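Report on the following structure.
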Amino acid sequence: MILPGSFYTRKDVVRIAKDLLGKVLVTEFEGQHTAGMIVETEAYAGTSDKASHAFGNRRTRRTEIMYREGGMAYVYLIYGIHHLFNVVTHLAEIPHAVLIRAIEPLEGIDIMLERRKMETLKPNITAGPGAMSAALGIHTRHTGYMLHGPEIFIEDRGIKVPARDIVAATRVGVAYAAEDALVPYRFYIKDNKYVSKGKGL
DNA sequence: CAAACGATTTTCT
DNA sequence: GAAAATCGTTTGG
């Protein structure tokens, strides 16, 4: 089943980040169906989190989407090259979000290979937020899209991830965030080949 | 209006 | 392991 809005509007962004592990992210762009199981996420806890774009209640055209009600996509460009896909959470006016960092390909693998210009299926096809977005065809133009379709949605297919298989770690690429770089807001499925190799602290 | 920079990936040594 | 690639957003004049 497709996750309902109530899944995203909960107030505990860390809990949502953990709950998203094992869910299936699906995109349907121009008739191209691709899907993968989420294996790695990071939580960004709004105005008090120095690693968040919304730190200090900063509202700009780019971050405005995080102040909307949970349940939509926030996609932005990083390093001028990579598109990163986030899920907006919490209620309106509270800018929380979960970054989806990696998935395990399930459907439309041939399409992903083509988008990534790869010959064979290797873990790095979707290991890492920029790579994953490229494989699924996600672009900054998709910011604001609802996460219950028709083009982007996240499903619960009954996959259960045992608590002992969820690993908490520090977030990647946020060393500038001082003490907030130390919080264990990154979650991934233990021993999964598609988890990115990015280093926390 | 100009300048600096980043929630990364790839390539080359 | 280190460095380059590359551009929209943010910030300062």
Side-chain angles (χ1 to χ4, degrees), chain A residues 8 13-14 16-18 20-21 25 36 38-68 70 72-90 94-105 112-145 147 152 167-188 193-201:
Chain A
Y8 304 103
V13 66
V14 171
I16 295 172
K18 280 191 276 196
L20 280 171
L21 294 175
L25 175 60
I38 296 169
V39 299
E40 183 179 3
T41 63
E42 281 183 6
Y44 284 86
T47 61
S48 63
D49 184 350
K50 289 182 183 172
S52 170
H53 291 156
F55 171 66
N57 211 35
R58 190 163 8 119
R59 284 182 91 128
T60 64
R61 191 131 115 248
R62 181 176 63 154
T63 63
E64 188 64 30
I65 189 69
M66 285 201 280
Y67 290 82
R68 306 281 296 282
M72 48 185 80
Y74 168 38
V75 186
Y76 75 99
L77 188 67
I78 188 66
Y79 296 107
I81 303 179
H82 308 287
H83 301 267
L84 302 217
F85 175 76
N86 300 250
V87 169
V88 176
T89 70
H90 212 294
I94 309 293
H96 285 190
V98 176
L99 168 67
I100 307 301
R101 292 190 53 84
I103 63 169
E104 175 177 329
M112 295 192 203
L113 287 171
E114 187 175 337
R115 283 174 177 153
R116 298 276 286 120
K117 295 184 168 56
M118 292 171 67
E119 302 277 316
T120 55
L121 184 61
K122 288 182 292 190
N124 69 344
I125 188 173
T126 53
M132 179 211 79
S133 297
L136 293 179
I138 291 172
H139 187 276
T140 56
R141 79 171 67 91
H142 300 127
T143 280
Y145 276 43
L147 295 177
I152 305 177
V167 182
T170 53
R171 292 174 293 187
V172 175
V174 296
Y176 61 85
E179 72 274 13
D180 285 323
L182 302 175
V183 276
Y185 278 4
R186 174 184 177 216
F187 303 97
Y188 58 90
K193 288 193 276 300
Y194 295 90
V195 170
S196 76
K197 301 290 183 282
K199 300 175 188 60
L201 290 179

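Side chains included, hydrogens not; waters and symmetry mates left out as well; all remaining heavy atoms used. Keep in mind that what you see is a predicted model, and the values were worked out from it rather than measured.
- We find that A/K50 and A/E179 are joined by a salt bridge, their nearest charged nitrogen and carboxylate oxygen being less than 4.0 Å apart.
- A/R141 places its CZ atom 18 Å from the C1' atom of C/dT9, with the value rounded to the nearest Å.
- Here the nucleotide nearest the side chain of A/L99, chosen from C/dC7, B/dT9, B/dA7, is B/dA7.
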Which dot-bracket string fits DNA chain C when only Watson-Crick or G-U wobble pairs with both atom distances under 3.5 Å count, crossing pairs get [ ], and | stands for a partner on a different strand? |||||.||||||.
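- The nucleotide whose nearest atom lies closest to any side-chain atom of A/I81 is, among C/dA5, B/dG6, B/dT9, C/dA5.
- Across all strands, A/R59 comes closer than 4.0 Å to no nucleic acid atom at all (heavy-atom distances).
- Between A/R186 and A/L99 the shortest side-chain heavy-atom distance does not fall below 4.5 Å.
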Enumerate, atom names and distances included, each donor-acceptor pair closer than 3.5 Å involving a side-chain atom of residues 118-136 of chain A, sequence neighbours excluded.
{"residue": "A/T126", "atom": "OG1", "partner": "A/I103", "partner atom": "O", "Å": "2.6"}
{"residue": "A/S133", "atom": "OG", "partner": "A/H83", "partner atom": "O", "Å": "2.7"}
{"residue": "A/S133", "atom": "OG", "partner": "A/P129", "partner atom": "O", "Å": "3.0"}

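- Taking NE2 of A/H96 as the start and OH of A/Y67 as the end, the distance is 10.0 Å to the nearest 0.5 Å.
- Stacking between A/Y79 and C/dA5 is absent: the ring centroid is not both under 5.5 Å from the six-membered base ring centre and under 30° in plane angle.
- The distance from atom NE2 of A/H53 to atom CG of A/N86, rounded to the nearest 0.5 Å, is 8.0 Å.
- When rounded to the nearest whole Å, the span between CZ of A/F85 and C1' of B/dT8 equals 18 Å.
- Rounded to whole Å, atom P of C/dT11 lies 14 Å from atom CZ of A/R61.
- Using a 4.0 Å heavy-atom cutoff across all strands shown, A/A51 reaches at least one base atom of the nucleic acid.
- When rounded to the nearest whole Å, the span between OH of A/Y185 and P of B/dA7 equals 17 Å.
- When the C1' atom of C/dT9 is taken as reference, atom CZ of A/F55 falls 18 Å away, rounded to whole Å.
- Closest approach to the A/V172 side chain among B/dT8, B/dA7, C/dT11 is made by B/dT8 (side chain taken as heavy atoms from C-beta onward).
- Summarising the geometry, the separation between NZ on A/K197 and C1' on B/dT10 is reported as 15 Å, rounded to the nearest angstrom.
- Residue contacts shown for A/L84 are limited to sugar-phosphate atoms, with no base heavy atom under 4.0 Å away.
- Environment of CZ in A/R68: sparse, with no more than 12 heavy atoms of neighbouring residues, nucleotides or ligands closer than 6.0 Å.
- Taking the six-membered ring where the residue is Trp, A/Y76 and A/Y74 present parallel rings, their angle staying beneath 30° rather than reaching 60°.
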